[in-house]
Structures are given as structure tokens and as C-alpha cells.
Amino acid sequence: MVYNPEDRVREDLGAEALGSQAGRASTRCEESIAAIATPPGHGGIGIIRVSGPAVKRVAYWVLGEEPEPRTARVYEFLDQNKSPIDQGLAIFFNNPHSYTGEDVLELHGHGSPAALDMLMTRILELGTVRLARPGEFTERAFLNGKLDLAQAESVADLIGSRTHAAARAAKKSLEGAFSKEITSFSKNLRELRVQIEAEIDFSDEPVGVLDDDKLRAGLDEAAEALESLLCRAKRGALLGGGAKVVLAGPANAGKSSLMNALLAEERSIVHNSPGTTRDVIESEIDIDGLLLRLTDTAGLRQSNDEVETEGVRRAGNAIRGADLVLLVLDDTNDGTNYHEWLKGVPSRKSTIVILNKCDITNRPYGVIPDFFGEVTVATSATKQLGLNSLLEAIKQQLGYSIMSNEEPFMARHRHLRALESAKVNLAHAAANAKDRRGIELVAEDVRIAQQALAEILGTVSNEELLGQIFSTFCIGK
Ligand SMILES: Nc1nc2c(ncn2[C@@H]2O[C@H](COP(=O)(O)OP(=O)(O)OP(=O)(O)O)[C@@H](O)[C@H]2O)c(=O)[nH]1
Ligand SMILES: [Mg+2]
């Protein structure tokens, strides 16, 4: 038998994992499922969706016939005495030409909770149909190979998107833009691995397939491509999840005033006595499509007041959970010892120092270049000065400003973790490649990197992960 290193690469990653996915599909999808797909409450239209092998029976039961596939027609929706519960459009999608890849029936009735409830009861009376779990329609689409896992996740991201930019990015991922990038990168990695495996197997031969330079160049190229992918995915993740931006700092520095100025509303109470804010106050703003969860906190100071002390403790928690900390200092007094205040922010936390009340100190507002190595902006919350510079600095610190040229795709923290893990493994591979004797370790590192990418698309996945992902969907999707 002629040995082909491709076979090993294929064996390791694809076949087994895909097999297990198909297995899951066949055991899980024997049951038929139904759900109201429109949001709860009264509305113009209410849609019930049914998927699975019992769909044709449901159609006979409720409509009196099996409708023509993919054709919208008006029907009476019938109860067990054949009297109409409601009237509306019915559309039958025969498998595999449907969202889930199974037979699907959609009943578009009136958006009356009572009528929809009666119709659901009628469908469930069949006995072979049960209520769908959250995300189960999309899960079936994934299990039946209609979508990969990253695309399935983008369905939930699109539904949950709160800014135009997030919705556009999710749509792009749903179309497969992110998956395509991952697949293409994974393919290049696979080719590299085939060469490495060949090199290992033919290492006794006088002429190697892959010399040291080629191997290093291949790994460098892969690392570079991965870095760019990671960068775009980070921006996508930011679009999807938004960023938690915490205003923290000494009492009376103007944190609440700044929060209100950024929100253009009187959200937090402002007062000239220190210790005004006692709790953590959150509000959202959309900055060019980036959703910021602005968080105002209690001024950091020692206090004998129990409520204020609790507020300061909560401020500490907010700082630890922040994506970005805005350290607000009163330029009339705290600015000089900003280093002391910086100690209250965990190092490696992305931070912007704000010197507020610059209207009193007459400091020019805006970004202060080279302020002891910190990104620093001078503002006046009351006079609304320096706010645009601050917003720009926030976008930049969060890595959002470089986004304008490329349309981002939506990505999740799960994807970032997988890409980071692939990056670590490629770095290991590069280190092991320095010594020819480490070539088997290089092959293993590249294999693990490939595996991490496969997890993004769901070609390797486990029940727990799928459970986690689909349980966050809404019912009916
Ligand atoms: N002149 C001037 N006064 C300001 C500015 N920002 C805030 N102040 C005033 O400073 C005082 C404190 O403002 P707050 O916004 O309540 O300060 P804070 O940091 O939230 O205070 P605590 O909640 O007590 O920690 C108020 O009297 C504000 O009007 C500013 O930019 N310029
Ligand atoms: Mg305050």
C-alpha cells in the first residue's frame, strides 16, 4: 500500500468528528418540534413553526391537506372538530430544502396569544410533536449540515444585535464570511501539516521535502495570517458584545457629570459634595456602531459611611470587570498625583486618564500627547469640552477605530479563545522548529492548532458546547 501523509491528516481531524455529528443528527431529530416563532404578546402576525418527520401529518391535521411545497396559500387552521381556530398563510418546505433541513411547516396566523395558544395545543395533541427548546431549529440546521457552528451562532447574534453595525456584521457571518476565512486558513495549515508529516516519514531519504527555511517560512506565514484573522475577529467580538467602560476615580472629580455629558442625559446625580454616587449606574451609548456600556461608580475614598464603603467595594468590582477604565481625575487637584490613582486600576487593564474640570485650570482640552506614557485626555464635563477627543480615544483603546476600511464579521469570545489557542500552538511550533529534532512536536502543535479552528466551525464539538450555544437562543429560532 502506498502511504500518503494526507491520509493521516484527514483521519485525525475530519472523518471521525463529522461522523459523530451525523450520529447526533440522526438520534436527535427523530422527534418533531414546534414553537411560536414570533415574540410574545399581541401583534399583526403570529407564526408557528413545526419541523421534523411529523410535519405532513400536522398539515393534514390542521390544514386538511399537504400543501404544495414552498408555496404560500391561505388556509383555515382547524381544530379537532374541523372548525377554524384562525385563518392565515401556510408554507410547507419539504426536506432538505428548508431552514432545518427537515420538513418544515410555517403557519402565519394572527398575532393573538390566545389563537396561537389554541393552534399550538392542537399541534401538540398529535402526540408526536413536542415543544422546541430554545435554538432547536437552528441546532437542527447545524446538525443537518445546513449551517456550520459559527454561522448558527451568527443567527442568534443577528437577532440579538442592538446596533446597525452589529446587525450587518452578524449578517456577514451568517453568509459565511467568517467561516470562509477560517476554512481557508485551516486549509493552508493542513497543507503545511501534510508537508511536515511527509518530512517525518521520509526523514531517512537524502533529499527532504521541506527544508528548515521552508518550514520556518510556512509557520511564519501561518502566524501572520492568524494574527490578522484574530485582529478582525476581535473587532467583530467587540461589535457583538459591546464594551464595558467604567468611569472610576476620586470622589467629586466629575465622573457622574462626564457620564451624563457622554450620554447627553441626566442619568447620574451630580452634586458638589463628594460621595454623591453610591451605587454602580449603567447606561448604553452607540458610538459609530460600537455599543458602550458606560458605568458610573462611587468615588474611591475611605469612608465611615457603610453605604458609601459598599459603593466603593462595588466600584472595585466594576473596575475589575471593565474592558476599559476611564480614570477621571479632578485637574484642579488630583492631576499631579495621578500615579497614585493609577495604582487603583489593575495593571494591564486598558485605561484612559481623564483630567476633568480643565475649564477651571485653563488646560487646553483634548488629547494630551505623551502624558507620562498614559493615554490622557483633558475634558470639561460641565462645559462639554474634549468629549469628541475622549470618544475617539475610547474607540482607539478598544481597537475599534481601525475598523472603517474592512467590513467586520461577527465573532464571539469562544472564537477568540480558539484563535488564541491556535496562535499559542503555532508559536510552540515555531519554537520547536528551531531544532530539526523537534519536527514531530511541530507536527503535533500544528495539529492542535487545526483542531482549535475546527471547533469554531463545529466540525469537532461536544454536546456540552452545543448545549451552551443553543440554550442562549430564543424559542422558535
Ligand atoms: N467647573 C467644572 N465643574 C465640574 C466639572 N465636572 C464636574 N464638575 C462639578 O464637580 C462636582 C462633582 O461632580 P460629580 O459629577 O458629582 O462628581 P463625581 O466624581 O461623580 O463625584 P462622586 O459621585 O461624589 O464621587 C459638581 O459640582 C459638578 O458640577 C467640570 O468639568 N468643570
Ligand atoms: Mg458621582
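As the structure lists them, so they are numbered: ligands from 1, and atoms in each ligand from 1. Keep in mind that the numbers below use all heavy atoms, side chains included, and drop hydrogens, waters and symmetry copies. Remember, predicted model here, so these are calculated numbers, not experimental data.
- Residue, atom and distance of the protein heavy atom nearest to atom 25 (O) of ligand 1 are K255 NZ, 2.8 Å.
- When the heavy-atom distances from atom 28 (C) of ligand 1 to T277, V270, L355, N260 are ranked, the shortest goes to V270.
- T382 OG1, 3.2 Å is the protein heavy atom nearest to atom 2 (C) of ligand 1.
- Ionic pairing of E455 and R414 is not present here: no N-O contact between side-chain nitrogen and carboxylate oxygen is shorter than 4.0 angstrom.
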Name each donor-acceptor pair under 3.5 Å that joins a side chain in residues 416-427 to protein atoms two or more places apart or in another chain, with its distance.
| unit_1 | atom_1 | unit_2 | atom_2 | d |
| --- | --- | --- | --- | --- |
| K423 | NZ | E227 | OE1 | 3.0 |
| N425 | ND2 | S421 | O | 2.8 |

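- Checking G386, G299, G275 against atom 24 (O) of ligand 1, the nearest heavy atom belongs to G275.
- Distance from atom 6 (N) of ligand 1 to its nearest protein heavy atom, with residue and atom name: N356 ND2, 3.1 Å.
- Remark: side-chain polar atoms of Q151 are paired, donor with acceptor, to backbone N or O of L174 under 3.5 angstrom.
- Under the 3.5 Å distance criterion, the side-chain polar atoms of R235 are left unmatched by any main-chain donor or acceptor of A411.
- Among the backbone and side-chain atoms of T297, no N/O/S atom is found under 2.8 Å from the Mg ion (ligand 2).
- Every atom of ligand 1 with a heavy atom of N252 under 4.0 Å away is listed here by number and element: 11 (C), 12 (C), 17 (O), 18 (P), 19 (O), 21 (O), 22 (P), 24 (O), 25 (O).
- Each of the following atoms of ligand 1 lies closer than 4.0 Å to a heavy atom of I360: 1 (N).
- Interface of P274 with ligand 1, defined as ligand atoms under 4.0 Å from a residue heavy atom, comprises 24 (O).
- For atom 17 (O) of ligand 1, the nearest non-hydrogen atom of the protein is G254 N, 3.1 Å.
- At a threshold of 4.0 Å, the pair E444-R447 counts as salt-bridged, since one of the basic side-chain nitrogens sits closer than that to a carboxylate oxygen.
- Residue S256 comes nearest to T277 through the heavy atom pair OG-OG1, 2.8 Å, listed as atom of the first residue, atom of the second, then distance.
- Between N356 and S380, the closest heavy-atom pair is OD1-CA, 3.6 Å.
- The shortest side-chain heavy-atom distance between V245 and L247 does not fall under the 4.5 Å cut-off.
- In this structure a side-chain-to-backbone donor-acceptor pair under 3.5 Å is present from T309 to S303.
- Counting heavy atoms closer than 4.0 Å to ligand 1, residue S380 contributes atoms from both its backbone and its side chain.
- Ligand 1 places these atoms under 4.0 Å from at least one heavy atom of A251: 25 (O).
- Counting only non-hydrogen atoms, the option in K383, H271, K357, E308 that gets closest to atom 10 (O) of ligand 1 is K357.
- Of all protein heavy atoms, the one lying nearest to atom 31 (O) of ligand 1 is A381 N, 2.8 Å.
- Stacking of R122 on the aromatic ring of F77 is not recorded, the 6.0 Å distance cut-off and the 45° axial limit not both being met.
- Ion pairing of K255 with D296 is absent here, as no side-chain N (NZ or NE/NH1/NH2) approaches a carboxylate O to less than 4.0 Å.
- Ligand 1 places these atoms under 4.0 Å from at least one heavy atom of D359: 1 (N), 2 (C), 30 (C), 31 (O), 32 (N).
- With ligand atoms numbered from 1 in the order given, ligand 1 contributes 6 (N), 7 (C), 13 (O), 14 (P), 15 (O), 28 (C) to contacts under 4.0 Å with heavy atoms of S257.
- Backbone or side-chain N, O or S atoms of T277 reach the Mg ion (ligand 2) at under 2.8 Å.
- For ligand 1 and T276, the ligand atoms under 4.0 Å from any heavy atom of the residue are 22 (P), 23 (O), 24 (O).
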